[in-house]
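Notes follow once the structure below has been shown.
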Amino acid sequence: MKKDINSSRTPLYRDSGFELYNASETSGAFAAEAGHEREPEKYIYSRYRNPTVVAAEEAVMKTEGCNWALLTQSGMSAIDTALSVFLSGKETRPWLFFSEIYGGTISYIESILKKRRGMDIHYFAPSGERYDLDEFEKAVAEIKPSMVYLESVSNPMLIMADIREVIRISKMYGAKVIIDNTFATPYLCRPLDIGADIVIHSATKYFSGHGNITAGIICGNDDEILKSAIEYRKFVGHMLSPDDAYRLQSQMLTFGLRFRQQCENAVKMADFLEKSEVISRIWYPGLKSHPTHDIALKLFGANGFGAMITFDFDGKNPGNKRERRDRFIELVSGEIKLIPTLGDPHTILMPVEAVWGAKYPEPGMIRLSVGFEDYRGLEELVSYALDLISGV
Ligand SMILES: *Cc1c(COP(=O)(O)O)cnc(C)c1O
């Protein structure tokens, strides 16, 4: 068969192993592989590196504006890989995690880092609904962590961290900084530009954006970090499959369009919900009433405020709040489904109490992931449901 097919895109290479032709080429390829380069001289084995995955990584690098990006099978494996970079057998300094981070990350810390590895882990909690930077500096000075880990926008209260200051303070005390930027995406801010050492994303969410891929991203600018992350991903086997990489790359072509629309829809929805009499409180960083609205303005500028909204139903008592929540979920369920993820094309929701019970036990709370569907129909449906709920 003719080998040059003049396709304009990198094809889907499903090979597990690549042909090396002879023994000297084989030894050369394996010797070069020890250097853990981002793009290898010769492809050897798809768990190490795969050309379709490398092509998708280059698309991520453009979107993120960074020197390198690596793809993994999930957001969690991206987190595991990112943390491994700062893991050393000689490590004696603790790690400091912000407390308002993804529940799966907390489970990972508790079950893997603390229980299995016996690591010395500290949490930094907000004072009320805002991180106090003086308290943070005190904590860093006292704990002397080698690594600080946080999310630019927290879940489900959407607390924004002033990452510029967090990075500055952490560096002053010699700590590396990893930022999970899943909720903000590079559309709203790029923490690597202001000194973060590693940024990770769950590409399951906005990057792939269609609720049909599980994938993770690690990106950075430092070459030593890159090599260490490549080595870990290779030996642990966190590599993304070529099929998912191919689809991720295609779906990323519309990332900016989708996310812009999601942010626009969310601003309108937040304004609309704020006027409702059956809602007692709404959390959206774009609203003046959000405790960290000023940080959103400072970090995101005019780009938008993200597409996650959390609100709480008003009610006579917890039972009434719960009833209103359940009725709402039922009334909108034809269009707004209860799906435990975020960043899907359509607006989806989660009852906060059912997921975060111990931490956020408010029975009336709902977290919305606003989609990029036509806004008018969305508001009509929510408006209809809220009208009926006022009688519950
Ligand atoms: C979903 C999510 C993760 C984990 O990603 P998976 O793709 O589910 O492994 C990590 N961080 C945040 C903020 C998330 O929303």
Side-chain angles (χ1 to χ4, degrees), residues 63 153 155-156 158 182-189 201-213 247-279 281-290 293 296 300-313 324-352 365-390:
T63 305
V153 186
N155 179 16
L158 312 168
T182 299
F183 277 39
T185 83
Y187 186 92
L188 294 181
C189 76
H201 296 277
S202 167
T204 312
K205 317 292 167 51
Y206 295 109
F207 268 86
S208 64
H210 292 71
N212 59 1
I213 297 176
R247 293 190 304 122
L248 175 63
Q249 189 183 354
S250 306
Q251 290 170 204
M252 270 180 57
L253 294 171
T254 55
F255 162 70
L257 282 174
R258 287 186 274 106
F259 195 64
R260 185 178 67 204
Q261 189 63 45
Q262 282 166 318
C263 290
E264 283 177 19
N265 283 356
V267 164
K268 289 184 201 160
M269 181 51 65
D271 282 340
F272 173 74
L273 292 172
E274 201 172 42
K275 290 189 208 99
S276 168
E277 303 209 323
V278 288
I279 290 170
R281 184 146 181 221
I282 161 161
W283 291 263
Y284 182 65
L287 291 175
K288 284 198 188 69
S289 57
H290 194 275
H293 176 62
F300 296 166
N303 298 343
F305 296 100
M308 301 299 294
I309 301 176
T310 297
F311 63 89
D312 190 15
F313 277 113
R324 285 181 154 179
R325 174 200 68 190
D326 293 347
R327 190 86 176 100
F328 179 81
I329 293 173
E330 195 185 307
L331 284 165
V332 299
S333 64
E335 294 290 332
I336 304 178
K337 314 259 184 221
L338 193 168
I339 305 182
T341 181
L342 61 102
D344 274 19
H346 291 98
T347 300
I348 54 177
L349 62 76
M350 286 291 284
V352 171
M365 266 168 76
I366 285 189
R367 187 193 76 179
L368 279 184
S369 160
V370 179
F372 53 84
E373 66 266 66
D374 179 62
Y375 179 74
R376 287 161 300 184
L378 185 64
E379 188 181 297
E380 262 169 41
L381 176 64
V382 171
S383 170
Y384 154 82
L386 293 180
D387 278 350
L388 289 181
I389 277 162
S390 61

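At distances below 3.5 Å, at least one donor-acceptor pair connects side-chain atoms of Thr310 with backbone N or O atoms of Pro156. Proximity of a side-chain donor or acceptor of Gln261 to a complementary backbone N or O of Phe372 within less than 3.5 Å is not detected. The main-chain N or O of Gly371 is never found under 3.5 Å from a side-chain atom of Arg258 such that the two would form a donor-acceptor pair. Between the side chain of His293 and the backbone N or O of Pro285 there is at least one donor-acceptor pair closer than 3.5 Å. At distances below 3.5 Å, at least one donor-acceptor pair connects side-chain atoms of Arg247 with backbone N or O atoms of Asn212.
Counted within 6.0 Å of CD on Glu335, heavy atoms from surrounding residues, nucleotides or ligands total 12 or fewer; the atom is thus considered open.
Interatomic distance, Leu331 CG to Leu381 CG, rounded to the nearest 0.5 Å: 8.5 Å. In this structure, NZ in Lys337 is found 9.0 Å from NE2 in His346, a value given to the nearest 0.5 Å. The distance from the CD atom of Glu274 to the CD1 atom of Ile279 is 10.0 Å, given to the nearest 0.5 Å. We find the CZ-CG distance between Phe305 and Asn303 to be 9.5 Å, quoted to the nearest 0.5 Å. Rounding to the nearest 0.5 Å places OH of Tyr206 at 5.5 Å from CG of Leu342. Rounded to the nearest 0.5 angstrom, Cys263 SG and Tyr187 OH are separated by 6.5 Å.
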Checklist entry - Run the side-chain contact (heavy atoms from CB on, under 4.5 Å) check on Phe259 and Thr254 step by step: do they pass? => result CA-CA 8 Å; Phe259 195 64; Thr254 55; over 6 Å; no
Next on the checklist: Evaluate Arg260 against Leu257 for side-chain contact (heavy atoms from CB on, under 4.5 Å), listing each step before the verdict.
Outcome noted: CA-CA 5 Å; Arg260 185 178 67 204; Leu257 282 174; 3.8 Å; yes
Item to check | Step-by-step side-chain contact (heavy atoms from CB on, under 4.5 Å) determination, Val267 to Tyr284 | outcome: CA-CA 8 Å; Val267 164; Tyr284 182 65; 3.6 Å; yes
Checklist entry - Passes side-chain contact (heavy atoms from CB on, under 4.5 Å), Leu368 versus Leu273? Steps please. => result CA-CA 11 Å; Leu368 279 184; Leu273 292 172; 4.2 Å; yes
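Among residues two or more places apart in sequence or in another chain, the salt bridge (Lys or Arg N to Asp or Glu O under 4.0 Å) test is passed with Glu330 by Arg327. Residues satisfying the ring-ring contact (aromatic ring centres under 6.0 Å, His included) test with Phe207, not counting sequence neighbours, are His201, Phe255.
Between Leu349 and Val332, the shortest heavy-atom contact is CD2-CG2, 3.9 Å. Of all heavy-atom pairs between Gly211 and Asp344, the closest is CA-OD1, 3.3 Å. Minimum interatomic distance between Ala266 and Ala307 (heavy atoms only, all atoms of both residues): CB-CA, 3.6 Å. Taking every heavy atom of both residues into account, Leu287 and Ile282 meet most closely at CD1-CG1, 3.8 Å. The shortest heavy-atom contact between Thr182 and Ser202 is OG1-N, 2.9 Å. The shortest heavy-atom contact between Ala270 and Ile309 is N-CD1, 3.7 Å.
A side-chain donor-acceptor contact under 3.5 Å links Arg367 and Asn155. Inspection of the Ser390 and Glu277 side chains reveals no N or O donor paired with an N or O acceptor under 3.5 Å. A donor and an acceptor atom, one from each side chain of Glu380 and Tyr384, are nowhere located under 3.5 Å apart.
The shortest side-chain heavy-atom distance between Thr347 and Ser369 does not fall under the 4.5 Å cut-off.
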